[in-house]
2 protein chains.
Amino acid sequence: MAKQLKAKESESSNLMLDKQVCFSLYSASNAMSRAYRPLLKELDLTYLQYIVMMVLWEHSTMNVKELGIKIHLDSGTLTPLLKRLEAKELVTRTRSQEDERVMIIHITADGVALKQKAEAIPNSMMCKSKMALEELIALKQGCDRLLANLSE
Amino acid sequence: MAKQLKAKESESSNLMLDKQVCFSLYSASNAMSRAYRPLLKELDLTYLQYIVMMVLWEHSTMNVKELGIKIHLDSGTLTPLLKRLEAKELVTRTRSQEDERVMIIHITADGVALKQKAEAIPNSMMCKSKMALEELIALKQGCDRLLANLSE
DNA sequence: AACAACTAAATTGTGCACAATTTATTTAAG
DNA sequence: CTTAAATAAATTGTGCACAATTTAGTTGTT
């Protein structure tokens, strides 16, 4: 009886991988960026580079700080990434005249042109997910809530 | 009127960051592993190392292949990580006698002992998430479904 | 004017992720 | 029995993430 109880306790430990939300989140996020890879290969972009380009397709000029706030990353990640986008001639990097500390990122004509090649990607990914729109929206809301609560 | 339509189209483009499930997933996953960091610092583990230890707390012996299937990662990621865990004396790495290709990972006494220090972590994370259990379960199910569909 | 406090990026170093390749071993087929 | 195919790990190289530090420039105070 005591043995049985102990066994039951062990089975329902808090440290069981299969019960961890965070591990599901982590694995799904990896799988997602893996699924993007073949689609983004056509554009010669990584997933994060694609995210940055998406911001710049909406706002053609932005500094590193603003970009970092928008996508929840810091200059340690963004500086080398932006240099790679600059090397591909998708963006320019110039210091602000008013404040020399600020690095201004501006999308180039090539960068703008790339948007057209990207138009089909969101739909391709929705197909790959094989999930209904409402399900995806619910998943997004759960992620957004978690992100907001963890960032407080 | 045509102008208005064009503006509306632009606003509802598929390439708007704020509408992307994947970006929410990606940001939430990063935020999650950031939130684990101070808790795991006490155990001198990274999030992925913690995941691997969690598997080994359940199954004290496992080879690299089995581990990789369980946590959806390959030897390219696992080999260096397991060497680091070996350096910390939390696991041993020995070749199988029956099949010399197979590397067997076995948890050490130190590794087992570390479990006790980890017991409080899942609950700490649940608190940080500030989300109800049902919400977290729904989020987990969404992630699991997405992972399964993307892995097919 | 001088200097402390602050801010924006960049840099440094560690540890993932993963594609692609290589090495070593085992199994299968002729 | 031998050689081709298959398998398990390891290796190599690129690009994130992020903590911690550094560099350079700005603002506020006296």
Side-chain angles (χ1 to χ4, degrees), chain A residues 23 26-41 44-53 62-69 71-88 91 93-105 147 150-151, chain B residues 23 26-41 44-53 62-69 71-88 91 93-105 147 150-151:
Chain A
F23 177 64
Y26 165 82
S27 298
S29 176
N30 282 345
M32 173 279 287
S33 108
R34 224 176 290 145
Y36 264 107
R37 211 168 295 246
L39 304 175
L40 291 175
K41 200 173 182 181
D44 188 31
L45 293 178
T46 65
Y47 180 64
L48 187 57
Q49 288 168 10
Y50 168 69
I51 292 296
V52 168
M53 290 310 295
M62 211 167 222
N63 68 46
V64 173
K65 174 115 203 264
E66 292 165 340
L67 198 52
I69 290 168
I71 65 180
H72 318 294
L73 292 169
D74 68 5
S75 67
T77 301
L78 289 176
T79 297
L81 181 141
L82 291 166
K83 284 181 179 175
R84 281 188 284 271
L85 290 181
E86 187 185 35
K88 293 180 197 180
V91 308
R93 301 180 339 117
T94 40
R95 292 272 169 191
S96 164
Q97 291 303 313
E98 305 89 67
D99 185 341
E100 288 279 352
R101 291 170 303 178
V102 174
M103 178 65 84
I104 295 171
I105 309 302
L147 173 63
L150 291 178
S151 306
Chain B
F23 177 65
Y26 165 83
S27 298
S29 176
N30 282 345
M32 174 279 289
S33 105
R34 223 176 290 144
Y36 263 106
R37 212 167 295 247
L39 304 175
L40 291 174
K41 199 173 183 183
D44 187 31
L45 292 178
T46 66
Y47 180 65
L48 187 57
Q49 289 168 9
Y50 168 69
I51 293 296
V52 169
M53 290 309 295
M62 212 167 220
N63 67 47
V64 174
K65 174 115 202 264
E66 292 165 340
L67 198 53
I69 289 169
I71 66 180
H72 318 293
L73 292 169
D74 67 5
S75 67
T77 302
L78 288 176
T79 296
L81 181 141
L82 290 166
K83 284 180 178 176
R84 281 188 284 272
L85 290 181
E86 187 185 34
K88 293 181 195 179
V91 308
R93 301 180 340 117
T94 40
R95 291 274 169 190
S96 163
Q97 290 304 313
E98 304 90 66
D99 186 339
E100 288 279 352
R101 290 170 305 181
V102 175
M103 178 65 84
I104 296 171
I105 310 302
L147 173 63
L150 292 179
S151 306

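Nearest to the side chain of B:Arg95, among D:dC18, D:dA9, C:dA9, sits D:dA9.
For D:dG15, neither phosphate oxygen OP1 nor OP2 lies less than 4.0 angstrom from any side-chain nitrogen or oxygen of A:Thr46. Close to C:dA9, at under 4.0 Å from its OP1 or OP2, lies a side-chain N or O of A:Asn63. Between B:Lys83 and D:dT11, a side-chain N or O to OP1/OP2 separation shorter than 4.0 Å is present. The side chain of A:Arg93 places no N or O atom within less than 4.0 Å of a non-bridging phosphate oxygen (OP1 or OP2) of C:dA9.
Heavy atoms of B:Thr77 sit under 4.0 angstrom from at least one base atom. Across all strands, A:Glu98 comes closer than 4.0 Å only to sugar-phosphate atoms, never to a base (heavy-atom distances). At a threshold of 4.0 angstrom between heavy atoms, the contacts of B:Leu81 are confined to the sugar-phosphate backbone, with no base atom among them.
Distance A:Leu39 CG to C:dA19 P: 13 Å, rounded to the nearest Å. At whole-Å resolution of the value, NZ in B:Lys41 and C1' in C:dG15 are 15 Å apart. If you take CG of B:Leu67 and C1' of D:dA10, they are 15 Å apart, rounded to a whole angstrom. Rounded to an integer number of Å, the gap from B:Lys65 NZ to D:dA10 C1' is 16 Å. Taking atom CG of residue A:Leu48 and atom P of nucleotide C:dC18, one finds them 15 Å apart after rounding to whole Å. As a whole-Å value, the separation of B:Glu66 CD from D:dT7 P is 16 Å. Between A:Arg34 atom CZ and C:dA19 atom C1' the separation is 12 Å, expressed in whole Å. For B:Asn30 and D:dA19, the CG to P distance is 11 Å, given to the nearest whole Å.
Each of B:Ser75 and A:Asp99 was matched to the nucleotide of DNA chain C holding its nearest heavy atom; the match closer to the 5' end belongs to A:Asp99. Looking at which nucleotide of DNA chain D each of B:Val102 and A:Asp74 is closest to, the 5′-most match is held by B:Val102. Positionally, the nearest nucleotide of DNA chain D for A:Tyr47 lies more toward the 5' end than for the other of A:Glu100 and A:Tyr47. DNA chain C is contacted by both B:Leu73 and A:Thr79; A:Thr79 maps to the nucleotide lying nearer its 5′ end (nearest heavy atom per residue).
With B:Arg93 as the partner, the side-chain contact (heavy atoms from CB on, under 4.5 Å) test is satisfied by one option alone out of B:Val64, B:Asn63, B:Leu82: B:Leu82.
Contact annotation: the side chain of B:Asp44 approaches that of B:Lys88 to within less than 4.5 Å [non-hydrogen atoms, C-beta and beyond]. Side chains of A:Leu85 and A:Met53 form a contact here, defined as non-hydrogen atoms less than 4.5 Å apart.
Here the closest heavy-atom approach between residue B:Ala35 and residue A:Leu150 is recorded as CB-CD2, 4.0 Å.
B:Leu67 CG to B:Asp74 CG: the interatomic distance, rounded to the nearest 0.5 Å, is 11.5 Å.
With hydrogens and angles left out, the side chain of A:Arg101 and the base of C:dT7 share a donor-acceptor pair within 3.5 Å.
A:Tyr47 places a side-chain N or O within 3.5 Å of a backbone atom of B:Phe23 that can act as its donor or acceptor partner.
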